[in-house]
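Here's the structure, in structure tokens; my notes come after.
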Amino acid sequence: DYRRIMTVGCPNKFVAETSHDNAETYRLLDADSSLARHEAFVRKNLVKEFKNNFAFPLPGWVTRYCRAVFLTPQHILLHPRKPPRGIFDARQRPTQDSRSINMMTSTSEGSELQCHYGAVPSLLFSRIWNLRISYPDYDLIIHANDVKSCFRLLKHHPDIIEAFSYVIFNQLWIQVGQTFGSDFSPANWEGVRRVIEQLAQSLFKDSSLRDKHRKYLDQLQWDDSLESQSKKRFVPARPDSQNKGVLDPDGYPLETPHHLFVDDDIYVEVYIRERVEQAIAASIEAMFITLGESDLTFRADPISWDKLIEMTISHFNKVLGMEINTRKMDVGPPPEFVASTIKLLDAFHDGRKSFTVQEMSSLIGNLSHIANTSRWLTHVLSHLYTSISSALQVNKAHEIQTNKAFREALRRVEEAEFESPDQRTFTEGFINKTVHRSRRTHFLNQTAKEELSIIRHALSSRSLRTPIAHLVSRDPSGVAYGDSSLDAAGGWSTDCNFWWYLEWSEEIRQRTLRFHKNFKDGRLISINVLEYASVIINYAAMSLYFQQNCDPSDPFPMALLFADNVAAEIWTIKGCKRSLLGRALGRLLCALMINNPLGISTARIDTHSNFIADEISRLKEEHDSLTFFSSLVTSYPQLRGCVRFLPSNELLSAITDALLIGKLSDPLSLNSIVLNNPGSFTS
């Protein structure tokens, strides 16, 4: 695929035709207003495009005489933390019958490579973890090498370049390089991205590269603390069946792997200066081989030298929108990103009474990014998702009442009144855009206000850094099994030497499926919710165990909780968005997770395999529990030596309040209470 990309051109397949009317529709489109507002930037960018051989201009009148020209709208994308960028709007459709250039490609037919760069964050964390296993007393550095204008460096096939044209300021621009906007651009870069990764790793063996690229290596900036003689503390990483370090069977270090997240080549290496320089030199050489050496008389430079040199080689660096510390072995959002999120939250002050969908969507986008590492945050976002869902329904109802074009679009979708699938997608897109972009305001209810206040306080007062130990795939430090019936719940763990049993109160039993067949009266406590509660109790029990049995070699242990209920398994990791009782329990789980050194993961187990927890949960009365457990040990000797876990009164009270009244507790206030006293073990 790389050979085709570099010698034939992109995309892999492009066979298309369009009508003259369609081409004229796009030719006659008015220029986007952002171009005029940012004219100085646009003109400067056009000069750079020509200088770098990404595009070349012709007089505007030539457009009518080009054999296969197709004009696509342009606009300027503004980002609060990045410079402006010109966008080739290859998806825009002025009418339901118009066909954009992206509708003419074959990408949807599977003609291009699948993009795999989404796996880079997990690969990066795994690399750091395995390096720490092999080098427990050495600094580990993080650095990155950036490909400049990666999509543009790859060229369209000469026969089709006219199809990717645009007109700006009465000049026709023919694009030679791939665009930021064509749907095949990421897929074609994917082929080059994979080659650079593999080539850079294999080139690590070539020791001559350090001399070859010495003029670049001598300009690199190094963190002074790397050479400091003061004693440094390194959080350890424990080896397991999935993570064995970075040494070969003979004890020699393996070649440095490179991970390209789109255009950023990220590498982590032990701080041995020669190895770090070798890894960077291999990255430079791999990019030169695949994209061409630095020669500004013929082509744009493939490497962003400013970024390479300005990024300090250090144990602590910002990559992928995260700050990673390899001494503390943790990761978190950058402070400036958190500050910008808090600024958005400040707009939702106590006196705020309403919001728009776009305002709330922007806020949730930021919070979701933070929640990628601070996973407890997912359990506090539930009502905001509910608020957006409700607001979208209100927006839709409002548009139905006030917008004739919207009503007509809905009617056409409902009656399938279309001549082609393209017309249907256009109409559905119009409906979705109208609903999401509505400026109608919505009442901000008290629950949403409380949730926003909790989040604002959490971002301001709690650490948002997460141990890498909780983000890598590794063997769990302990495994627990739990189950619930309509009468009671129970669980056990031989890794942590405990079992527990909790009889549901009569009030809870009276509201189960045995007495309420559906949710019509709003009183049903579903089995999903009871199973979720059993997962939380297991997590509390394991938290207590690891508090009492700290292992210096595993300071941030990982719990694996097995559940035979799909909803409970998903809610534990992703949070509950619909069930009020599930959301209330999620607040409790959030309280247990904040600043808890014990990470949490779940897995599915079928009911038949979960027989021990199932037997415990089916005990109906508490006074039989000890006799029952003695008989259980006889049947299952692996439970011998286990002691009983008794949840604390505070934990039981929080669970009961969540189940009976759906109380949405403040997880920040509850945090120190349930984490410091989750319960006790008794023989």
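All heavy atoms count here, side chains included; hydrogens, waters and symmetry mates do not. This chain uses plain numbering: 1 for the first residue, then up along the sequence.
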*Taking NZ, NE, NH1 and NH2 as the nitrogens, is one of them in Lys343 or Glu336 under 4.0 Å from a carboxylate oxygen of the other?*
no
*Is a side-chain N or O of Arg233 found less than 3.5 angstrom from the main chain of Arg327, in a donor-acceptor match?*
no
_Do the side chains of Glu451 and Arg587 get close enough for a salt bridge, i.e. N-O under 4.0 angstrom?_
yes
*Using distance alone, with no hydrogens and no angle criterion, decide if His259 and Asp264 have a side-chain donor and acceptor under 3.5 Å apart.*
no
*Just checking, any donor-acceptor pair under 3.5 angstrom between side chains of Ser579 and Trp571?*
no
*Just checking, is any N or O donor in the side chain of Asn565 or Asn528 under 3.5 Å from an acceptor N or O on the other one?*
yes
*Ser473 and Gln242: side-chain donor and acceptor closer than 3.5 Å?*
no
*Answer yes or no: is there a donor N or O on one side and an acceptor on the other, between the side chain of Ser461 and the main chain of His457, under 3.5 Å?*
yes
*Would you please classify the geometry between the His369 ring and the Phe337 ring as parallel, tilted or perpendicular, with 30° and 60° separating the classes?*
perpendicular
*asked:* For His516, is there any backbone N or O sitting under 3.5 Å from a side-chain donor or acceptor partner on Arg514?
replied: no
_Aromatic contact, Tyr138 with Tyr271 (centres under 6.0 Å)_ = no
*Is the closest side-chain donor-acceptor distance between Ser609 and Asp606 under 3.5 Å?*
yes
